[in-house]
Novice: 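Structure in structure tokens, see below.
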Amino acid sequence: MVLVHKTGPRVEIAAACPRARALGITPGMALTQARAQTPGLVVRDHDPAGDAADLASLATVLARRVSPAVAIDGTAGLLIDITGTDHLHGGEAAMARRIVRQLARRGFTARIAIAHSPAAAHALARYGKARIIRSQDDAAALAPLPVAALALGEAQVELLRRLGIDTIGMLAEVARGPLARRFGAGTVTRLDQALGRLPEPLTPVVPPEPIAITQRFAEPIATAEAIEHWLGTLVPRLTADLATAGLGARRIEVIADRIDAVPQRIRIGLARPSRDGAHILRLLVRRIGDVEPGYGIDAITLHLRAADRLGPEALGAELAGEETPDLAPLVDTLATLGRTLWRMRAVESDVPERSAAPMPPLDPPERTAPKLKADDVRTLDTRAAIPPWHPRWPRPVRLLPRPERIDNVLSVMPDGAPRRFVWRGRTVTVTRADGPERIAGEWWRRSGERTAIRDYFCVEDDAGTRFWLYRRGDGERPETGDLNWFLHGWFG
């Protein structure tokens, strides 16, 4: 696999996996040359913005778990100041192993070097052996590395190579005055930083602080009215912080600290990001009955547990002239009352259990097809779109997740509807029947479905209950099924 990016009219390799590198594919090579060299090459677009965002996210995780001073180093590196923190992880070696394990759990590989200066660690991790270097050994460890390990400009590295200076050790032997006049002060500064002679400040990543609003009381409170009053004070402060951060709450937790150190919790979730204080307060007030104040509550804290980006709030449906009402408050209210809500979406499949899938109740609908140009050949097709669930092939209201086998089925082969069957120990006598509707297996999914056939029947018993049954097999060819009967659902 390779990642590619466009440089002018030329499409170049930006990165290559180890197997591609072993075949001679290197960054900077033209994509056409790489395809000619390796026909089975998998090509993906390079996403530098996404890589930078993932690297920043990774830096935030390490800043919370390893050391508070973590800086981003280039496009694929992190610098961690472990001064005063390595003993918390069992020493430098154990700390390095722990970092590698944490990165591996997230799907990353890493080369780690521990040195006295950031520049030395940068050089050793990329061009040397990943190891721990003591301060007195920095010069010896850096000497055999190429001058490119100092993160100099390409022009400077090329000029040094032409003059025969290929390693850091050879560069360190050059006198400082001619070196600064010839290559600039930046080269000397970078060399001194790598050798620990000059400091190199880091710009650490600052993890965002979680939003939490706390109110402590001089005297404990113990009534529902008092809790509601203070929630009405805390929620506006929470929504103000959300507006400042440009966020919308998805999950909020209220923790009431009792005198006996037994915390009481209220958790609410929202179907979509929101910072509507009145709506959030209504949801919290409905759950006040879950709080047992005991001998009194000393403090109440509102914790923002999950949030999403939320831009400026839109106008209400009435002001904007929209006809479709906003169902988010209703969904949040029902969820707070303990109801589980979802909606079904159609899936392109003939097999009934695969033709529908649950989704969140307020997920945005699927995008409509783009408008075609007047000269597009697809405009010649004037047929109406096929509905996802065709009315000529009704499906039951209740579909079992797994069809249940029925026994003692009385039917006429090969295409007769069942006259009587036993389901869950109860004998059902059929008074009316319709079918069969034949559904074949999806051979492209599994080889076992190439010849599989189901014959579905809609039957009604003497009590008016309508069942949806199917027989496995067409009744003539043994390879299509074993002729067992199953109940798949029932109609309303």
Novice: Test of understanding: with salt bridge (charged side-chain N to carboxylate O under 4.0 Å, His left out), list the residues that count as partners of D260, not counting sequence neighbours.
Specialist: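 Result, salt bridge (charged side-chain N to carboxylate O under 4.0 Å, His left out) vs D260: R258.
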Novice: Got P220 and I297 here, is their nearest side-chain heavy-atom distance under 4.5 Å?
Specialist: no
Novice: Measure the shortest side-chain to side-chain distance between T109 and L103 over non-hydrogen atoms and say whether it is less than 4.5 angstrom.
Specialist: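 The answer is no; the side chains never approach within 4.5 Å.
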Novice: Please report the shortest heavy-atom distance between L145 and A149, naming the atom on each side.
Specialist: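 Heavy atoms of L145 and A149 come nearest at CB-CB, 4.3 Å.
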Novice: Test of understanding: with salt bridge (charged side-chain N to carboxylate O under 4.0 Å, His left out), list the residues that count as partners of R445, not counting sequence neighbours.
Specialist: E442
Novice: Measuring from atom CD1 of I99 to atom CZ of R97, what distance do you get when rounded to the nearest 0.5 angstrom?
Specialist: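 Rounded to the nearest 0.5 Å, the CD1-CZ separation comes to 11.5 Å.
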Novice: Consider ring pair (Phe, Tyr, Trp, His ring centres under 6.0 Å). Of F486, F467, Y470, W485, which one does F457 pass it with?
Specialist: W485
Novice: For a side-chain contact (heavy atoms from CB on, under 4.5 Å) with F421, tell me which candidate from N408, D407, V459, T429 qualifies.
Specialist: V459
Novice: Return each pair, listed once, that meets salt bridge (charged side-chain N to carboxylate O under 4.0 Å, His left out) where at least one residue sits in residues 228-241; pairs must be two or more places apart or across chains.
Specialist: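 Qualifying pairs, neighbours excluded: none.
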Novice: Does the pair R272 and V331 meet the rule for a side chain to side chain contact (heavy atoms under 4.5 Å, CB included), with working shown?
Specialist: CA-CA 10 Å; R272 63 168 56 134; V331 172; over 6 Å; no
Novice: Output yes when a side-chain donor or acceptor of H89 lies under 3.5 Å from a complementary backbone atom of V66, and no otherwise.
Specialist: yes
Novice: Looking at every heavy atom in both P273 and L310, which two are closest together, and how far apart are they?
Specialist: O-CD2, 4.0 Å
Novice: Find out whether R420 and T427 are in side-chain contact, i.e. whether some heavy atom of one side chain is under 4.5 Å from a heavy atom of the other.
Specialist: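 When only atoms from C-beta onward are counted, T427 and R420 do touch, with a gap below 4.5 Å.
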Novice: So, taking the atom named CD in E200 and the one named NE2 in H122, what distance separates them when rounded to the nearest 0.5 Å?
Specialist: 9.0 Å
Novice: Work out which heavy atom in A16 is nearest to a heavy atom in R21; give both atom names and the distance.
Specialist: O-NE, 3.4 Å
Novice: Test your reading of the model: is there a side-chain donor-acceptor pair from S57 to the backbone of A53, 3.5 Å cut-off?
Specialist: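 A pair under 3.5 Å: no.
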Novice: Say whether, by atom type as modelled, one donor and one acceptor occur between the side chain of S411 and the main chain of A417 under 3.5 angstrom.
Specialist: no
Novice: Shortest non-hydrogen contact from A71 to L202?
Specialist: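 Looks like CB-CB, 4.1 Å.
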Novice: Measuring from D45:CG to K6:NZ, what's the distance to the nearest 0.5 Å?
Specialist: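 Nearest 0.5 Å value for the CG-NZ distance: 11.0 Å.
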Novice: Tell me which donor-acceptor pairs under 3.5 Å the side chains of residues 395-406 have, and how far apart each pair is, sequence neighbours excluded?
Specialist:
residue : atom : partner : partner atom : Å
R395    : NH1  : W393    : O            : 3.4
R395    : NH1  : E437    : OE1          : 3.3
R395    : NH1  : E437    : OE2          : 3.3
R395    : NH2  : E437    : OE2          : 2.9
E404    : OE1  : W423    : NE1          : 2.9
E404    : OE1  : R424    : NE           : 3.0
E404    : OE1  : R424    : NH2          : 3.3
E404    : OE2  : R424    : NH2          : 2.7
R405    : NH2  : N484    : OD1          : 3.0

Novice: With a cut-off of 3.5 Å and sequence neighbours excluded, list every side-chain donor-acceptor pair involving residues 75-86.
Specialist:
residue : atom : partner : partner atom : Å
D81     : OD1  : T83     : N            : 3.1
D81     : OD1  : T83     : OG1          : 2.8
T85     : OG1  : I82     : O            : 3.1

Novice: Checking S117 side chain against L195 main chain: does a donor-acceptor pair fall under 3.5 Å?
Specialist: no
Novice: Rounded to the nearest 0.5 Å, what separation is found between the CD1 atom of I114 and the CD1 atom of I132?
Specialist: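 It is 4.5 Å, given to the nearest 0.5 Å.
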Novice: Taking only residues at least two apart or on different chains, which pairs with a member in residues 48-69 satisfy salt bridge (charged side-chain N to carboxylate O under 4.0 Å, His left out)?
Specialist: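 Found none.
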Novice: Looking at every heavy atom in both C458 and R466, which two are closest together, and how far apart are they?
Specialist: SG-NH2, 3.4 Å
Novice: Do E449 and R454 meet the salt-bridge criterion of a basic N to acidic O distance under 4.0 Å?
Specialist: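 No, R454 and E449 are not salt-bridged.
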Novice: Walk me through whether L302 and V254 qualify under side chain to side chain contact (heavy atoms under 4.5 Å, CB included).
Specialist: CA-CA 5 Å; L302 263 65; V254 178; 4.0 Å; yes
Novice: Go through the structure and list residues passing side-chain hydrogen bond (donor to acceptor under 3.5 Å, both in side chains) with T214, not counting sequence neighbours.
Specialist: T301
Novice: I need the full list of salt bridge (charged side-chain N to carboxylate O under 4.0 Å, His left out) pairs touching residues 482-492, with sequence neighbours left out, sorted by first then second residue.
Specialist: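 Qualifying pairs: R472-D482.
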Novice: Quick one: OG1 on T189 to CG on L150, what's the gap to the nearest 0.5 Å?
Specialist: 11.5 Å
Novice: Tell me, with the steps shown, if I252 and L238 meet side chain to side chain contact (heavy atoms under 4.5 Å, CB included).
Specialist: CA-CA 10 Å; I252 297 175; L238 175 66; 3.8 Å; yes
Novice: With the side chain counted from C-beta on, respond yes when I268 and R251 share a heavy-atom pair under 4.5 Å apart, and no when they do not.
Specialist: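 Result no, sub-4.5 Å side-chain heavy-atom pair not found.
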Novice: Check each of R438, R471, H488 against Y456 using the side-chain hydrogen bond (donor to acceptor under 3.5 Å, both in side chains) test, and report the only one that passes.
Specialist: H488
Novice: In chain order, what residues pass the side-chain contact (heavy atoms from CB on, under 4.5 Å) check against D192, with sequence neighbours excluded?
Specialist: R176, V188, R197, L198
Novice: Would you list the pairs meeting ring-ring contact (aromatic ring centres under 6.0 Å, His included) in which at least one residue belongs to residues 221-273, sequence neighbours left out?
Specialist: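 For residues 221-273: F217-W230.
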Novice: Can you give the donor-acceptor pairs under 3.5 Å from side chains of residues 277-293 to other protein atoms, not counting sequence neighbours?
Specialist:
residue : atom : partner : partner atom : Å
H279    : NE2  : D332    : OD2          : 2.8
R287    : NE   : D290    : OD2          : 2.6
R287    : NH1  : R267    : O            : 2.9
R287    : NH2  : D290    : OD2          : 3.0

Novice: Is there a donor-acceptor pair closer than 3.5 Å between any side-chain N or O of R111 and the backbone N or O of Y127?
Specialist: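 The answer is no, because no donor-acceptor pair under 3.5 Å joins these two groups.
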Novice: Who passes side-chain contact (heavy atoms from CB on, under 4.5 Å) against V206, sequence neighbours left out?
Specialist: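 With sequence neighbours excluded, V206 shows a side-chain contact (heavy atoms from CB on, under 4.5 Å) to no residue whatsoever.
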Novice: Quick one: CD on Q264 to CD1 on I300, what's the gap to the nearest 0.5 Å?
Specialist: 11.0 Å
Novice: If you look at every heavy atom in V205 and A63, which pair is closest and at what distance?
Specialist: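 Shortest heavy-atom contact: O-CB, 4.4 Å.
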Novice: Check this for me: R419, atom CZ, are more than 12 non-hydrogen atoms of other residues, nucleotides or ligands nearer than 6.0 Å?
Specialist: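 For R419, atom CZ is not crowded (no more than 12 foreign heavy atoms under 6.0 Å).
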Novice: Would you say P208 and T60 make side-chain contact, with heavy atoms under 4.5 Å?
Specialist: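 Sidechains of T60 and P208: in contact.
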Novice: Do M344 and P358 touch side chain to side chain, with heavy atoms closer than 4.5 Å?
Specialist: yes
